[in-house]
J.: 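Before I ask anything, here is the structure I am working with.
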Amino acid sequence: MIFRIFRKELLDTLRDRRTLMTMLVIPILVFPITLNVFVAVSESFEESASSKTMKIGIVGDHNKNYTRQLEQIPEAVGPKKIIVFKDSLTLRKAIEADRIQLGLIIPTNESTLRAKQQTIALNWLLDASEVGRSERANLYGSSLQANAEKERLRKLGLRAEQIKPMTIQTINCASDKKMVGQLAGGILPYIFIAFGFIGCMYPAIDLFTGEKERGTLETLLTVPVGRWKILIGKMLVVVSSGMLAASCSLLGLFISIEFLDLAQNKELLEVIHGILTPYFIGSMLALLLPLVIFFAGLMIPIAIYAKSFKEAQSIITPLNIVMVLPAMVGFFPGIELNLNTTLIPVVNVVLATKELIAGTLSLSYFLSVFGIMCLLALLSVLISYKQFGKESNILS
């Protein structure tokens, strides 16, 4: 009987275009569209910043020494135009008015400092809020500094090796899989949890509040079937919708990796393929299942209590923020899965998924998170059953 109710409600749910968009279309398209737009915009900004002629204002270069050095920097860094200014105040105003993009101020005692072999302090002026200007200033500054060091060593009769007795190298012992896990471990659980919640929302409202508005819920309750069976059948549809939405978001991620520009990076692609194994997918879905049941168990009492579709939506939508906000914990460094964070719903799933991606999730922590979420899911189901059993909620 539960299966018959489930099948009937599932067919009705699949006839709703809005629900199909939420469960299938949007989760599948969100990753390809987002990544494609992100890559295109990033490449556009980088290309625009590198091809734009950088106007450089100089103050205090009386012997044209720095002007010549800047002109000799290859155009591969980006085209440039040197403009001489009389004072720093005029130079600053030109930068603020965007007539020039970079300003170089040379101290008035530069020749004296050079002759005494002392440190010369050059000052760059720029609007750091504009894309590419800080990078250009660093490149030009590094070139000028390298030329000055080379000239100083030549005058002292020294080689670079003589004043550089030691080099220190930092070797990263973390695997590529762990590095990708730390980077992607924040965004992926957030996306999966968000779509799992959204996938539950519209079916929960439609199957309970919607039936109350249509006047069909009272008719359904007159059939000789236990009320708990009706609840479980409807809840299975809500949970299936949430899991389907989360799974489709994973499918969208796979499509993005395989067919967008990310596939050009073969090494990164191999690492991601090593992560997206059947074990990873199965373990992640196992963590998501009790979480989605927990979401459904929170939404259904609200949907039963609400008197209209609009009222239910206005209550559940803010709940989305409350439930998904803890998923942002994955973005913060230093927060790890331990005995304390294992007890926090949503947060424990995020941190477990993060370690699962990195390949560092132990079986004990996995079972702990899974067990705690199963207990919370059971508790939410009992709350839903209690609310579904109140005649005042059904007949309101």
Side-chain angles (χ1 to χ4, degrees), residues 2 6 9 13 19 22-23 27 188-209 228 231-250 282-306 312-313 315-330 337 339-356 361 365-389 393:
I2 293 176
F6 167 73
E9 299 292 2
T13 300
T19 304
T22 305
M23 289 192 309
L188 293 185
Y190 181 83
I191 294 294
F192 296 147
I193 290 172
F195 277 111
F197 188 96
I198 295 172
C200 291
M201 185 169 67
Y202 286 110
I205 297 174
D206 183 67
L207 292 178
F208 293 92
T209 312
W228 69 272
L231 174 65
I232 296 300
K234 287 177 173 290
M235 181 174 280
L236 285 176
V237 176
V238 177
V239 172
S240 299
S241 301
M243 291 299 295
L244 184 59
S247 302
C248 287
S249 65
L250 181 63
S283 300
M284 191 181 65
L285 292 178
L287 291 174
L288 282 176
L289 179 59
L291 180 64
V292 171
I293 296 174
F294 175 66
F295 287 158
L298 293 178
M299 293 181 197
I300 289 174
I302 298 173
I304 295 171
Y305 171 80
Q313 191 174 18
I315 299 175
I316 293 178
T317 300
L319 183 64
N320 182 16
I321 300 175
V322 175
M323 288 293 104
V324 176
L325 200 59
M328 298 183 66
V329 168
L337 188 65
L339 293 177
N340 294 325
T341 54
T342 301
L343 302 175
I344 306 174
V346 181
V347 173
N348 55 5
V349 175
V350 171
L351 296 178
T353 305
K354 190 174 181 179
E355 292 200 12
L356 184 63
L361 180 62
Y365 275 127
F366 174 82
L367 294 177
S368 298
V369 173
F370 181 76
I372 290 170
M373 291 310 304
C374 285
L375 289 176
L376 291 173
L378 178 61
L379 179 62
S380 66
V381 172
L382 294 176
I383 294 174
S384 297
Y385 176 72
K386 184 177 180 181
Q387 293 298 314
F388 194 62
N393 290 332

J.: Mind listing the closest non-hydrogen atom pair of Leu356 and Ser283 along with its distance?
T.: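 Heavy-atom minimum between the residues: CD2-CB, 3.7 Å.
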
J.: Between atom CG of Leu376 and atom CD1 of Ile293, what is the distance when rounded to the nearest 0.5 Å?
T.: 11.5 Å

J.: Backbone N or O of Pro203 within a donor-acceptor pair of the Ser241 side chain at under 3.5 Å?
T.: no

J.: Have a look at Met243 and tell me which of Val238, Leu291, Leu285 forms a side-chain contact (heavy atoms from CB on, under 4.5 Å) with it.
T.: Leu285

J.: Is the shortest heavy-atom distance from the side chain of Val350 to the side chain of Thr353 under 4.5 Å?
T.: no

J.: Does the side chain of Met235 reach to within under 4.5 Å of the side chain of Ile300, using non-hydrogen atoms?
T.: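 Answer yes - side chains close enough.
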
J.: Are the side chains of Ile232 and Ile2 in contact, using a 4.5 Å heavy-atom criterion?
T.: yes

J.: Kindly indicate whether the side chain of Met373, heavy atoms from C-beta on, has any atom under 4.5 Å from the side chain of Leu287.
T.: no

J.: For residues Pro301 and Ala296, report the shortest heavy-atom separation together with the two atoms involved.
T.: CD-O, 4.5 Å

J.: What's the shortest heavy-atom distance between Ala312 and Ile302, and which atoms?
T.: O-CG2, 4.5 Å

J.: Would you indicate whether the side-chain heavy atoms of Phe294 and Leu375 approach each other to under 4.5 Å?
T.: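 With C-beta onward as the side chain, the pair stays apart.
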
J.: Atom CG in Leu288, atom CZ in Phe295: separation rounded to 0.5 Å?
T.: 9.0 Å

J.: Please find the pair of heavy atoms, one from Leu231 and one from Ser384, that lie closest to each other, and give the distance.
T.: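 Nearest pair, atom of Leu231 first, then Ser384: CD2-C, 3.9 Å.
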
J.: Hey, is the main chain of Ala377 close enough, under 3.5 Å, to the side chain of Ser380 for a donor-acceptor pair?
T.: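 Checking the backbone N and O of Ala377 against the side chain of Ser380, a donor-acceptor pair under 3.5 Å is found.
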
J.: Find the distance between CG (Leu298) and CD1 (Ile316) and round it off to the nearest 0.5 Å.
T.: 9.5 Å

J.: Taking the side chain as every heavy atom from C-beta outward, state whether Glu355 and Phe366 have any atom pair closer than 4.5 Å.
T.: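 The answer is no, as the side chains (C-beta and beyond) never meet within the 4.5 Å cut-off.
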
J.: Does NZ or CZ of Lys234 fall inside the cone over Phe6's six-membered ring, less than 6.0 Å from its centre and within 45° of the axis?
T.: no

J.: At their closest point, which heavy atom of Ala303 faces which heavy atom of Ile205, and how far apart are they?
T.: CB-CA, 4.2 Å

J.: Side chain to side chain contact (heavy atoms under 4.5 Å, CB included) for Leu337 and Leu361? Distances and angles first, verdict last.
T.: CA-CA 9 Å; Leu337 188 65; Leu361 180 62; 3.7 Å; yes

J.: How far does CZ of Phe388 sit from CH2 of Trp228, to the nearest 0.5 angstrom?
T.: 13.0 Å

J.: So do the side chains of Phe195 and Cys248 get within less than 4.5 Å of each other, counting heavy atoms only?
T.: no

J.: With rounding to the nearest 0.5 Å, note down the distance linking CD1 in Ile193 to CD1 in Ile198.
T.: 12.0 Å

J.: I'd like to check Leu289 versus Val239 (side-chain heavy atoms, cut-off strictly below 4.5 Å). Are they in contact?
T.: yes

J.: Do you know the tightest heavy-atom contact between Met299 and Phe197?
T.: CE-O, 3.1 Å

J.: Just wondering, more than 12 heavy atoms not from Leu339 lying within 6.0 Å of its CG?
T.: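 Counting neighbours around CG of Leu339, 12 or fewer heavy atoms of other residues, nucleotides or ligands fall under 6.0 Å, so no.
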
J.: To the nearest 0.5 angstrom, please state how far the CG atom of Asn348 sits from the CD1 atom of Ile372.
T.: 6.5 Å

